[in-house]
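Heavy atoms only: backbone and side chains are in, while hydrogens, waters and symmetry mates are out. Every value quoted in this text rests on a predicted model; they were computed, and no experiment measured them. Chain A is the first sequence line, chain B the second, and so forth, proteins listed ahead of strands; every chain is numbered from 1.
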Protein chains: 4
Amino acid sequence: MREKNDGKYNKILQAAIGVISEKGLDRTSITDIVKQAGVAQGTFYLYFPSKKDLIPAIAEDLLSLTLEKIKNETNQKHGFWEIVQTLIHETFELTKSYKDVIVLCYSGLAIVHSMEKWETIYTPYYSWLEKVLQSAVSKGEIISSLDINWTARLIINVVESAAERFYIAEEEGDVTACKKETFSFLQRALSKN
Amino acid sequence: MREKNDGKYNKILQAAIGVISEKGLDRTSITDIVKQAGVAQGTFYLYFPSKKDLIPAIAEDLLSLTLEKIKNETNQKHGFWEIVQTLIHETFELTKSYKDVIVLCYSGLAIVHSMEKWETIYTPYYSWLEKVLQSAVSKGEIISSLDINWTARLIINVVESAAERFYIAEEEGDVTACKKETFSFLQRALSKN
Amino acid sequence: MREKNDGKYNKILQAAIGVISEKGLDRTSITDIVKQAGVAQGTFYLYFPSKKDLIPAIAEDLLSLTLEKIKNETNQKHGFWEIVQTLIHETFELTKSYKDVIVLCYSGLAIVHSMEKWETIYTPYYSWLEKVLQSAVSKGEIISSLDINWTARLIINVVESAAERFYIAEEEGDVTACKKETFSFLQRALSKN
Amino acid sequence: MREKNDGKYNKILQAAIGVISEKGLDRTSITDIVKQAGVAQGTFYLYFPSKKDLIPAIAEDLLSLTLEKIKNETNQKHGFWEIVQTLIHETFELTKSYKDVIVLCYSGLAIVHSMEKWETIYTPYYSWLEKVLQSAVSKGEIISSLDINWTARLIINVVESAAERFYIAEEEGDVTACKKETFSFLQRALSKN
DNA sequence: GATGAATGAGAATTCATTCAT
DNA sequence: GATGAATGAATTCTCATTCAT
């Protein structure tokens, strides 16, 4: 595989995201993707070993975008609850923008049969939050009797599923309320009494 | 479509669950399914409009099994936290047994593009938990300042993802700890003080 | 085969004409026809040996309708040219009304591989016109140096193809002019000097 | 679609004509055609969008062959009636040789629902005959009070149907008589007194 | 006669992948 | 590296026909 920032790798990846988001995974052929990307049929295989390797690549792209965004926004924030608030906000925003890509990534679960890839993709995100939690514990912002690793995963799951229920399942309600409810839930679950 | 309890509908459905669990979705052809079910090729299309309509049907089957099991096990339990503990336990058990089917159902998200179907399938499960929460509120077992509908969905989501992370993503760690952490998390988030 | 005027035979035949005219021959299944006819799948085979036997039956139906109509209208007419004029008029009318059925019958040429059936169907029409020509010859209305059999076929062909070019190929022009041109052509071809 | 004179397009077309003539349209599968053509299954779809698009292509091929032949044979002929005689003769010859292909083309009427394609295919043939008629009019060989366009179509139709009745419907009689009758019919209809 | 669920052979079409240029 | 015509295996789905009721 070539450099990620090589022109054609990204052209193909972005074309794939675009076409698959629009037409769905099984309705999209390599031909559709290369047409959209403006490269030749065979060029695809210079950058991706096979079609199914697209999905982890897309997921990775989305996840690294997410993490970058969240790290960026929480850069200046030092209070734990401020960070959580930002995390919630950014997750909702990204879910709104990329809901088709997210659905696509879910389907990757069934196609890329090994979940290890998934874990690898999420690892940097988990690690970052674990550090944040560690710091919050040591500053006494949250209770200390919790398993940092599990809690990091729980938090990300709570926030992501709330956002997905809102934007993907299109449940009724108002965003602000939903975000607030999510925040309160986490606050009750983590803060010292 | 015929009655759900018609012999052939179920024969095909169970055969599909079996074969797809084993071989994965795209590796499974209609031919594989009908062979396993012992019916003719064309018979499949008498009961399912197309291959992709199998997935919601499988999901529905799994969900109704889950709900039945959980209702059964919580039948004698009256305390809210006892029910939650059972919910966690049963979800982990079912996830262990049916992880291939669950993965398959996720892929349905991308194939059956409308989330409405998914919502419809989950509705009875949500309703049941909403009632349980309502009762817990009125008994003063949990705080009253929460959105019942939203919380029901969140609980199910949190528990399911924990189980999936454990059994499907095969994260390291010990089940009991994982279940306990999930329980504590919910308890802190919902119980009074 | 049952009586032609048996209720179900005709129900199926008319349903077939309707559905095939609308959807085209290869897009129409027996299922479509029996649904439209309001009879059971198996009932079709009580009246038609197979699907391909439908087309000659439809053609026969159309031809007998045509002949009946023309005979009727020419009943009171005694002059040969009056009869030709009526023949032209009725052929144009019927072509307008039944153009889809006519196209369908043409395709029957390829499906019912033996043309004998076609000849059998047209035979009564040819015979009738041969008699008319015979009488015209003996009355001195047309030249006598012509082969009655070939001429009957030529006339029918000239009139039918003119009507088909007008209504099916949708060539431009005005009906009256087209009919007049057809009449003049025949008149020049057949009349004395 | 590639160039008509591309090797594979023609290989497939000629193979299709061969196989379909022999086995009939519905008895012929794409597999039969590509086997005969010596190309891969998928290659067919590189040149024809679908099976039914074969028929207009075959018709076009036959028509251009016909026109070429007739133009060739009438090259040296200058008298109008000589040309008509050649037209009749060649049409009969070609009908004899290609009757299976002709039957196939008729079925195209029902399959390719739009008549426009048919008109387009015949256009050069019509145009050529229109010019011939025009010239005959100006030379005073035929009457001038006729619609050139309409008459061109009618002549082609009359001659083709006569040939088809003879070779395809296998009517009894002798070819020479049939051709002569057709010629006389046209002669009486068109020539100046 | 009438029914309609079941059949299963068969076909068209798709599409990931290759490879000579 | 890039191309894109060619490949051909694999698969879904259709539908005429049957037959037990």
Between Ser50(C) and Gln41(D), name the one whose nearest nucleotide on DNA chain F is closer to the 5' end. Gln41(D)

Map Gly38(D) and Ser29(C) onto DNA chain F by nearest heavy atom, then report which one ends up closer to the 5' terminus. Gly38(D)

Proximal nucleotide (of dT3(F), dT12(F), dT7(E)) relative to the Thr31(B) side chain: dT12(F)

Please walk me through it: do Ile58(B) and Leu13(B) pass side chain to side chain contact (heavy atoms under 4.5 Å, CB included)? CA-CA 7 Å; Ile58(B) 291 172; Leu13(B) 190 62; 3.8 Å; yes

Which one, dT3(E), dA6(E), dA6(F), comes nearest to the side chain of Tyr47(B)? dA6(E)

How close or far is atom C1' of dA11(E) from atom CG of Asp32(D), stated in whole angstroms? 11 Å

For the pair made of OH in Tyr45(B) and C1' in dG8(E), what is the distance, rounded to whole Å? 13 Å

Could you pick out which residue, Phe44(A) or Gly42(B), lies toward the 5' side of DNA chain E when each is mapped onto its nearest nucleotide? Gly42(B)

Of the nucleotides dA6(F), dT3(E), dT17(E), which has the atom closest to the Ile30(A) side chain? dT17(E)

For a quick test of reading the model: is some side-chain N or O of Thr43(C) closer than 4.0 Å to OP1 or OP2 of dT3(E)? yes

Could you check whether the rings of Tyr9(A) and Tyr47(A) sit parallel, tilted or perpendicular, using 30° and 60° as the cut-offs? perpendicular

Surrounding OH of Tyr45(B) (heavy atoms of other residues, nucleotides or ligands, distance under 6.0 Å), is the total greater than 12? yes

Whole Å only: how far is the NZ atom of Lys51(D) from the P atom of dA12(E)? 4 Å

In whole angstrom, what separates Ile12(D)'s CD1 from dA5(F)'s C1'? 12 Å

Is it true that, when you exclude Phe44(D) itself, more than 12 heavy atoms of the residues, nucleotides or ligands shown sit nearer than 6.0 Å to its CZ? yes

Answer for the Watson-Crick or wobble partner of dT21(F), both distances under 3.5 Å, is dA2(E)

What is the distance, to the nearest angstrom, from the CZ atom on Arg27(C) to the P atom on dC15(F)? 10 Å

Just how far, in rounded Å, is P of dA10(F) from NZ of Lys23(B)? 11 Å

So does Lys8(B) get a side-chain nitrogen or oxygen closer than 4.0 Å to the phosphate oxygens (OP1/OP2) of dA6(E)? yes

Taking atom P of dT3(E) as reference, at what distance in whole Å does atom CG of Leu46(C) sit? 9 Å

Under a 3.5 Å limit on both distances, the Watson-Crick or wobble mate of dT13(E) is dA10(F)

NZ of Lys35(B) versus P of dA10(F): gap in Å, rounded? 13 Å

Between CD1 on residue Ile55(A) and CG on residue Leu25(A), distance to nearest 0.5 Å: 4.5 Å

